[in-house]
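This report concerns only the one structure given below.
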Amino acid sequence: GAGVSQSPRYKVAKRGQDVALRCDPISGHVSLFWYQQALGQGPEFLTYFQNEAQLDKSGLPSDRFFAERPEGSVSTLKIQRTQQEDSAVYLCASSRDSTYEQYFGPGTRLTVT
Amino acid sequence: GNSVTQMEGPVTLSEEAFLTINCTYTATGYPSLFWYVQYPGEGLQLLLKATKADDKGSNKGFEATYRKETTSFHLEKGSVQVSDSAVYFCALRTNAGKSTFGDGTTLTVKP
């Protein structure tokens, strides 16, 4: 079957704009994770869903970041009033359950100008 | 909190050389340990894993052993190929599900 897909692959936003990043997990995967990867660094955890429930959002850097997964499948990460420091690759991963292997999508590269 | 420290790169080797990339971790509880690889232009892929102390993960000629006494999970390969050129990430995961990653080590293998 298809892997994790993310859209758009690239996004350029002017400072202050709102953006929405989409993640389509592998069908049937219960757990979904968002990570932020700055240039030259490893991915940093943002938030985690089990079905539609957001069980951990401890990694969200500010209240400008918001994630949802209303039907327990597709997830959207929204960033309001983007800042230059938000420029990064945003990775989505899904797994059968929280203890199983995580499969990563290709990421969305966000550049804030 | 949990953390992962990886050997700094970049690492440049000749084909057929021996590879070691060091990884140490700090974690509460008993994490699972992973190595991921990111080839140019591609997403993160799981390379190997180990879920408990003394387990050895292996795949595509790469190996790593979960050493609880030294809190390490070093990646090794006996003979690297040009196609192994990539960025390698060490990571740990607790029962909570979220993963903690190192900063990555860039490997370049020259023919």
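The basis for the numbers below is simple: all heavy atoms, side chains too, and nothing from hydrogens, waters or symmetry mates.
The number of heavy atoms from other shown groups lying within 6.0 Å of CD (Glu85(A)) is above 12. No more than 12 heavy atoms of other residues, nucleotides or ligands sit less than 6.0 Å from atom OH of Tyr10(A). More than 12 heavy atoms of other residues, nucleotides or ligands shown are found within 6.0 angstrom of CZ on Arg64(A).
Residue Gln54(A) comes nearest to Leu60(A) through the heavy atom pair NE2-CD1, 4.2 Å, listed as atom of the first residue, atom of the second, then distance. Across all non-hydrogen atoms, the minimal contact from Leu55(A) to Gln50(A) is CD1-CB, 3.4 Å.
The side-chain heavy atoms of Trp34(A) and Ser75(A), taken from C-beta on, include a pair separated by under 4.5 Å.
Heavy atoms of Gln45(B) lying under 4.5 Å from chain A are absent altogether. Of the two parts of Ser58(A), only the side chain, counted from C-beta on, holds a non-hydrogen atom closer than 4.5 Å to a non-hydrogen atom of chain B.
Among the residues in residues 65-92 of chain B, those with a non-hydrogen atom closer than 4.5 angstrom to a non-hydrogen atom of chain A are Phe89(B). Heavy-atom proximity under 4.5 angstrom to chain A picks out Tyr36(B) from residues 8-37 of chain B.
Considering CG of Leu110(A) and OG1 of Thr82(A), their distance stands at 6.5 Å, rounded to 0.5 Å.
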* Asked: Where do Lys52(B) and Asp54(B) land on the salt bridge (Lys or Arg N to Asp or Glu O under 4.0 Å) test, with the steps shown first?
  -> CA-CA 6 Å; Lys52(B) 61 183 188 297; Asp54(B) 300 325; over 6 Å; no
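Put simply, the side chain of Arg109(A) never gets that close to the backbone of Lys11(A): no donor and acceptor are under 3.5 Å apart.
Note on Tyr100(A), Tyr103(A), Phe45(A): by heavy-atom pairs under 4.5 Å with chain B, the leading option is Phe45(A).
Under a hydrophobic-cluster definition in which Ile, Leu, Val, Met, Phe, Trp and Tyr are linked whenever side-chain heavy atoms come within less than 4.5 Å, directly or via other members, Leu91(A) and Phe33(A) are assigned to the same cluster.
Aromatic rings from Phe104(A) and Tyr35(A) are positioned such that their centres are separated by under 6.0 Å.
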